[in-house]
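Beneath this line is the structure, given in structure tokens, with notes to follow.
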Amino acid sequence: MQKSLGPLPGGRPLATQNAGVKATRAGINLGAEITGIDLTKPVSEAQLAAVQAALVDNELIIFRDQNISSQNLIDFGRRFDELTVHPFAPHEKEAPVLIKFRNDETTPPFGTDCWHSDETFRAEPPMATILVAKEVPAVGGDTIFASMTAAYDGLSDRMQNFVSGLEAVNDFKPFKALFDNSLENRMKLQKFELDYPPQVHPVVRVHPVSGRKVLFVNPQFTIAIKGMDERESRSLLDTLFQQALIPEVQFRHHWAPHTIAMWDNRSTQHYAVHDYYPQRRYMERVTIKGGPVTGVPRADATTLKRGKYVPLGGADSHGGHKPH
Ligand code: SIN
């Protein structure tokens with residue numbers, strides 16, 4: 001059962017407007033439509049600040065009818081910070097920061113139909129991702145997003161306390177399938193393993209701008225909870241992974257050509273629905289560098305016991321039964 005799923009979490013307004021950039025809420029827990037900005041033209045500092053604020057507030061922002069070039073996309077992304085090069089995603093040598101997801105009858109989509117935050121196998125996972133639809137299928141090919149702040153809020157107090165301060169191991173395991181058993185590929189994989197060793201991140205992170213708590217484990221890259229035995233770790237992760245599957249924390253985005261989705265990778269997960277093959281779908285993406293991941297401190301067990309545990313039948317302040 002979800003807690004705190006009010007009309008707009010935190011009493012937020014349905015729309016905000018700054019520097020002419022309007023963000024109109026489209027989903028209860030995440031998602032807003034952005035209007036009042038043309039991304040084929042230079043973006044002013046004030047517009048950029050408005051987009052940054054809208055991203056943090058809404059976690060996912062959608063821009064429609066933006067017929068931008070690949071260079072426009074790269075330039076827009078660079079206004080936020082450096083762009084990163086994905087070690088395994090398809091790109092061209094001339095513009096390695098630009099990922100091209102070009103799927104058709106001969107190239108089925110690969111690997112994005114699993115809930116994930118982008119690249120949590122990195123020591124500093126990206127802060128945000130921008131994805132542009134160039135060609136979309138007649139039906140299907142949606143992307144589903146989940147607010148991992150709402151996912152955290154929806155855990156019981158006891159589970160929130162239990163997972164606070166835990167750490168999880170993240171690994172690029174799904175991409176290992178890209179390497180066959182040839183000597184050349186085994187050597188390549190070995191090099192990637194050295195360059196991208198497993199990373200430990202907090203299970204609950206604090207968003208560096210909003211200060212909100214976020215559930216930061218995902219089934220694509222999170223492989224274990226540190227310090228637990230494998231069975232415990234697996235069942236806890238399975239429980240936590242379920243949080244992104246709750247419809248109330250999700251927003252399903254249906255693509256049209258020239259639509260842009262930008263998501264805050266610190267507070268969301270997403271799942272690309274692979275239902276459209278063999279239709280064509282062509283998307284371009286840039287990924288913006290992130291910073292260190294800060295966790296919440298370990299829960300104070302003493303407070304938990306005093307504040308929350310009420311023995312069956314009631315108790316006095318010393319834990320004994322009240323006299324009748
Ligand atoms: C991604 O996971 O970055 C791709 C999402 C999509 O293709 O919808």
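Remember, it's 1-based here, ligands and their atoms both numbered in the order they're listed.
Between Phe221 and Phe121, the ring-plane angle classifies as perpendicular under the 30° and 60° cut-offs. Taking the six-membered ring where tryptophan is involved, the planes of Tyr196 and Phe172 are perpendicular, since the angle between them exceeds 60° and thus also 30°. Under the 30°/60° scheme for interplanar angles, the aromatic rings of Trp263 and His270 are found to be tilted.
The protein heavy atom nearest to atom 3 (O) of ligand 1 is Arg285 NH1, 2.7 Å. When only non-hydrogen protein atoms are considered, atom 7 (O) of ligand 1 lies nearest to Arg281 NH1, 2.9 Å. At the shortest separation from atom 1 (C) of ligand 1 among protein heavy atoms lies His270 NE2, 3.5 Å.
Those atoms of ligand 1 with a heavy atom of Thr112 less than 4.0 angstrom away are 1 (C), 2 (O), 4 (C). Atom numbering of ligand 1 starts at 1 in the shown order; those under 4.0 Å from a heavy atom of Ala272 are 5 (C), 6 (C), 7 (O), 8 (O). Each of the following atoms of ligand 1 lies closer than 4.0 Å to a heavy atom of His116: 2 (O). Atom numbering of ligand 1 starts at 1 in the shown order; those under 4.0 Å from a heavy atom of Phe101 are 3 (O), 4 (C).
Proximity of Leu131 to ligand 1, defined as any heavy-atom pair under 4.0 Å, is confined to the side chain (atoms from C-beta onward).
Using a 4.0 Å cut-off between charged side-chain N and carboxylate O, Glu33 and Lys22 make no salt bridge.
When all heavy atoms of Arg79 and Leu48 are compared, the closest pair comes out as O-CD2, 3.5 Å.
The closest side-chain heavy-atom distance from Tyr277 to Asn103 is not below 4.5 Å.
Here the rule is side chain to side chain contact (heavy atoms under 4.5 Å, CB included) with Gln243, and of Asp153, Val217, Leu215 only Leu215 fits it.
The distance criterion of under 3.5 Å between nitrogen or oxygen atoms is met by Thr143 with respect to ligand 1.
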